[in-house]
Amino acid sequence: MSDKADRAIDCLVNVHFGETEQQPSFMLKVRDDYFKGPKSMFAPVDFAELLDEMDRHGVAKAILMDNLAKPSVTARKFVEARPDRFALAMGGINLLRPMPSLAELSAVAADLPVVYAVVGPSFWGDGQYPPSDAVYYPLYTKCAELGLPLCINTGIPGPPIPGEVQNPIHLDRVCVRFPELRLCMIHGADPWWDIAIRLLIKYANLRLMTSAWSPKRLPDSLLHYMRTRGPDKVIFGSDWPVLRMSRVVPEALALDLPAEVLDNYLYRNAAAFFFGEDREKEQ
């Protein structure tokens, strides 16, 4: 890596795609129409090749997507093999019948290195439920009780599914009602970047992850915020293999950011928010 930074945490990595013989049609559309990705995007992941890509680009840790309803054999195998390099993000939470699912979340979080829970409002319930809906409240309460950060998709999603529920304005009420909850918007916030930035300014417990966004495509308004009022609020993630580390880490290093802000973006903000390092920095 360059003189500006020598370490990174990739906060959103998918190693489970290759476990499914046939991807859902909406995922194929994302690959083919939205990201123009290669056919190999959904191939099984080679452990050594992933570690090599991480090492070549200074990625100290990667957070692997997992699922309560359909656990990822690959993600859990990687975590078991190298707990110093990998941790888990847990999705697949049944919000319509929450009690068994949340009990399982508690058990899994106690047994495995789960560093955040995740939910995508557009991707379940036919996109009917914005994050301000009470159907999410048991999950918010449980995550706050566990001290487990919660990541929520924001911005219009790539697949052809309803996107309005992912307008970050829906998190305004959530942050008011759950100030104890460590909450992170993921996959950027397009086209509602300015709303997301205003919310980041307003709420101490809120962060934004730029997963699934090419750093060179990030809006100037977000980069200005990172340089000024929000050096501790924006977190790096690739959404690998949708965007590979070999692309997004060099693009991040090329951003017009001061060295300390870049280090925060690539490493320190995630280390504090998800791994509890330098937690006093959040206060």
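Just so it is clear, the values below take in all heavy atoms, side chains as well, and ignore hydrogens, waters and symmetry mates.
With respect to the salt-bridge test (charged N to carboxylate O, under 4.0 angstrom), the residues Arg56 and Asp52 qualify. A salt bridge does not link Glu53 with Arg247: none of the charged nitrogens is closer than 4.0 Å to a carboxylate oxygen.
With hydrogens and angles ignored, the 3.5 Å screen pairs no side-chain donor or acceptor of Thr210 with any backbone N or O of Val234. Proximity of a side-chain donor or acceptor of Asn269 to a complementary backbone N or O of Pro231 within less than 3.5 Å is detected. The main-chain N or O of Arg207 is never found under 3.5 Å from a side-chain atom of Lys233 such that the two would form a donor-acceptor pair. Formation of a donor-acceptor pair under 3.5 Å by the Asp66 side chain with backbone atoms of Ser72 is found in this model.
With sequence neighbours excluded, no residue forms a side chain to side chain donor-acceptor pair (under 3.5 Å) with Asn153. Phe236 meets the ring pair (Phe, Tyr, Trp, His ring centres under 6.0 Å) test with Tyr265; sequence neighbours excluded. Remark: Arg85 pairs with Asp55 by the side chain to side chain donor-acceptor pair (under 3.5 Å) rule, at least two apart or across chains.
There is no path of hydrophobic side-chain contacts, each under 4.5 Å, that joins Tyr136 to Val165.
Between the side chains of Ser211 and His187, at least one donor-acceptor pair of N or O atoms lies under 3.5 Å. Tyr137 and Arg177 form a side-chain donor-acceptor contact under 3.5 Å, judged by distance and modelled atom types alone.
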